[in-house]
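All remarks here apply to the structure that follows.
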2 protein chains.
Amino acid sequence: MTEKQEKILKSALELFAKEGYHATSTSKVANNAGVSEGLIFRHFKNKEGLLMAILKEGENKLNELFADIVMESDPQEVVRKAIELPFIVPESEYEFWGLQYKLKWEIEMDYSHKTEPLTMALALAFVKLNYESPQQEAEFLTLSLDAIGAALIKRSMANADKMKSFLLKKYGL
Amino acid sequence: MTEKQEKILKSALELFAKEGYHATSTSKVANNAGVSEGLIFRHFKNKEGLLMAILKEGENKLNELFADIVMESDPQEVVRKAIELPFIVPESEYEFWGLQYKLKWEIEMDYSHKTEPLTMALALAFVKLNYESPQQEAEFLTLSLDAIGAALIKRSMANADKMKSFLLKKYGL
DNA sequence: TTTTTTAATGTGAGTACTTACTTACTATTA
DNA sequence: TAATAGTAAGTAAGTACTCACATTAAAAAA
């Protein structure tokens, strides 16, 4: 990965996040990155290839975040770490994750599998904790945490800390 | 609202939902509606005006859906109706609501106020039902139901009925 | 180590096509 | 008769992408 290649990716991420994928032209990306437009196509084949590179990075980062949860054996800790997950994302990464949410709707693709590792880890934890419907409980919590993540990134949640402690209490933690 | 005006709105909704706002050109909308392109600009001023008309319609429809809940006095029924809300949306309206979700991310705007009537009704219900943190409970449920709606519209929820009865049980209904 | 060859990285001007929007005009209705 | 609804043919500015060429870096040969 050359220096200019990284600059292209960084500019594309920034602009796609700010304006949207379709609203951002390859020439804007090139200008922002300080490279010739042709270079984008040399490295990423076409505009969609550029998008895919960013999307792939998102999936990798997500799995990194999940790794800590999936490897935890104590079921109480699995639930705690899952709940805390959206709240530990630093503000500096909001732009990046905002793009991931945006693209979920902007381009058609199956995204449900991306949260599957989390749902499975939670289901197992809820089984161990003798919840009545562990699978449903896990699916519901995954969905809810996804929504909380979205609200945080959009800065539309009034009091994040309150929500976090409310949730921890709700799940007996 | 003339016949052609309605055709334009219907076509725009359909195409914006399918391809996205930025990816849909005004000429495509005009062709799909069987109308000259200029007419779009006569009636809606510009492309964004067309979008705003659709967005306004979405907010109205949402308030219609909320009306039944807000007017309910029995707190148990408020919670039940809120939980059932995403599940009663007919499949024929999925395209319409999918666009509303999509636009939430595609154009920058404050959407949090749109679900506020629901949150307030739920908060009041949870107060009456002696929940410990009624406000948090209401915000959380609103957020979760929004996520469930999104999952339904994207057809990414394996078993909707199971999720519904799980939720009703969870809230003692 | 120096020279030569090969391949990868990068450019800038061009391509054909599409974009949102305008304008000058006609048809329809109140 | 005056406003409103509607059209067809424009416009200038983008659009994603290509191509012939220049620069740089790595590998191979001397």
Side-chain angles (χ1 to χ4, degrees), chain A residues 1-58 95 99-100 102-109, chain B residues 1-58 95-96 98-100 102-109:
Chain A
M1 181 84 79
T2 123
E3 189 197 338
K4 302 215 169 183
Q5 218 167 342
E6 268 169 22
K7 270 191 182 168
I8 291 170
L9 267 177
K10 206 178 146 231
S11 293
L13 169 63
E14 185 189 325
L15 294 171
F16 288 177
K18 225 179 282 172
E19 323 269 356
Y21 170 67
H22 285 293
T24 303
S25 65
T26 50
S27 77
K28 273 188 212 158
V29 173
N31 276 345
N32 192 287
V35 294
S36 69
E37 199 180 349
L39 194 57
I40 292 177
F41 297 91
R42 162 125 301 155
H43 282 310
F44 300 96
K45 193 185 173 198
N46 52 28
K47 197 187 171 187
E48 206 188 325
L50 185 54
L51 178 65
M52 289 307 153
I54 292 171
L55 234 48
K56 187 82 199 116
E57 201 185 331
E95 193 177 62
L99 175 59
Q100 301 295 127
K102 194 181 288 207
L103 292 175
K104 245 202 303 212
W105 291 100
E106 197 164 350
I107 68 170
E108 43 205 310
M109 201 177 283
Chain B
M1 179 86 76
T2 119
E3 189 197 337
K4 301 216 172 187
Q5 218 167 342
E6 269 170 22
K7 270 192 184 169
I8 290 171
L9 267 177
K10 208 180 144 226
S11 293
L13 168 63
E14 185 189 325
L15 294 172
F16 287 178
K18 225 179 282 175
E19 324 271 353
Y21 171 68
H22 285 293
T24 302
S25 64
T26 48
S27 76
K28 273 187 212 159
V29 173
N31 277 344
N32 192 287
V35 163
S36 71
E37 198 181 348
L39 194 58
I40 292 176
F41 296 91
R42 163 124 300 157
H43 283 310
F44 301 96
K45 195 186 172 199
N46 52 29
K47 195 186 171 186
E48 205 187 328
L50 185 54
L51 179 66
M52 288 308 155
I54 292 171
L55 232 51
K56 189 81 199 115
E57 202 185 330
E95 195 175 64
F96 176 81
L99 175 60
Q100 301 295 128
K102 195 182 287 207
L103 291 175
K104 244 203 304 210
W105 290 100
E106 197 163 352
I107 69 170
E108 44 204 308
M109 199 177 284

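Bear in mind that the values here come from a model prediction, so they are computed numbers and not experimental data. Quick note: numbers below take in every heavy atom, side chains included, and nothing from hydrogens, waters or symmetry partners. Throughout, a chain's letter reflects where its sequence line sits, starting with A, and its residues are numbered from 1.
Counted within 6.0 Å of NZ on Lys28(B), heavy atoms from surrounding residues, nucleotides or ligands total more than 12; the atom is thus considered enclosed. For Glu48(A), the CD atom is loosely surrounded, since the number of other residues' heavy atoms within 6.0 Å does not exceed 12.
Taking atom CE of Met1(A) as the reference point, atom P of dA8(C) lies 17 Å away to the nearest angstrom. Per the geometry, NE2 belonging to His43(A) stands 8 Å off C1' belonging to dG10(C), to the nearest Å. In this structure, the NZ atom of Lys4(A) is 19 Å from the P atom of dA8(C), given to the nearest Å. Distance CG (Leu39(A)) to P (dT11(C)): 6 Å, rounded to an integer number of Å. Between the CD1 atom of Ile40(B) and the P atom of dA20(C) there is a distance of 9 Å, rounded to whole Å.
Scanning both residues, Leu50(A) and Ile40(A), for their nearest heavy atoms gives CD2-CG2, 4.1 Å. Heavy atoms only, all atoms of each residue included: Ala30(A) and Glu37(A) are closest at CB-CA, 3.6 Å.
In this structure, the nucleotide among dG12(C), dG6(D), dT9(C) sitting nearest to the side chain of Ser36(A) is dG12(C).
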note = Heavy-atom contacts, protein to nucleotides 15-23 of chain D, under 4.0 Å, summarised as B (base), S (sugar-phosphate only) or - (none) per nt, yield SBBB-----
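The closest side-chain heavy-atom distance from Leu99(A) to Leu55(A) is not below 4.5 Å. Between Gln5(B) and Phe44(B) there is a side-chain heavy-atom pair separated by less than 4.5 Å.
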task = List the steps and the verdict of side chain to side chain contact (heavy atoms under 4.5 Å, CB included) for Leu103(A) and Phe16(A).
result = CA-CA 9 Å; Leu103(A) 292 175; Phe16(A) 288 177; 5.8 Å; no
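A sub-4.0 Å separation between OP1 or OP2 of dG10(C) and a side-chain N or O of Thr2(A) is present.
Lys47(A) places no side-chain N or O within 3.5 Å of a backbone atom of Ser25(A) that could act as its donor or acceptor partner.
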Could you list the protein-to-nucleotides 27-30 of chain C atom pairs, N/O on both sides, closer than 3.5 Å?
none

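Under a 4.0 Å N-O distance rule, the pair Lys18(B)/Glu14(B) qualifies as a salt bridge.
Contacts between residues 6-17 of chain B and DNA chain D, defined by a heavy-atom separation under 4.0 Å, are absent.
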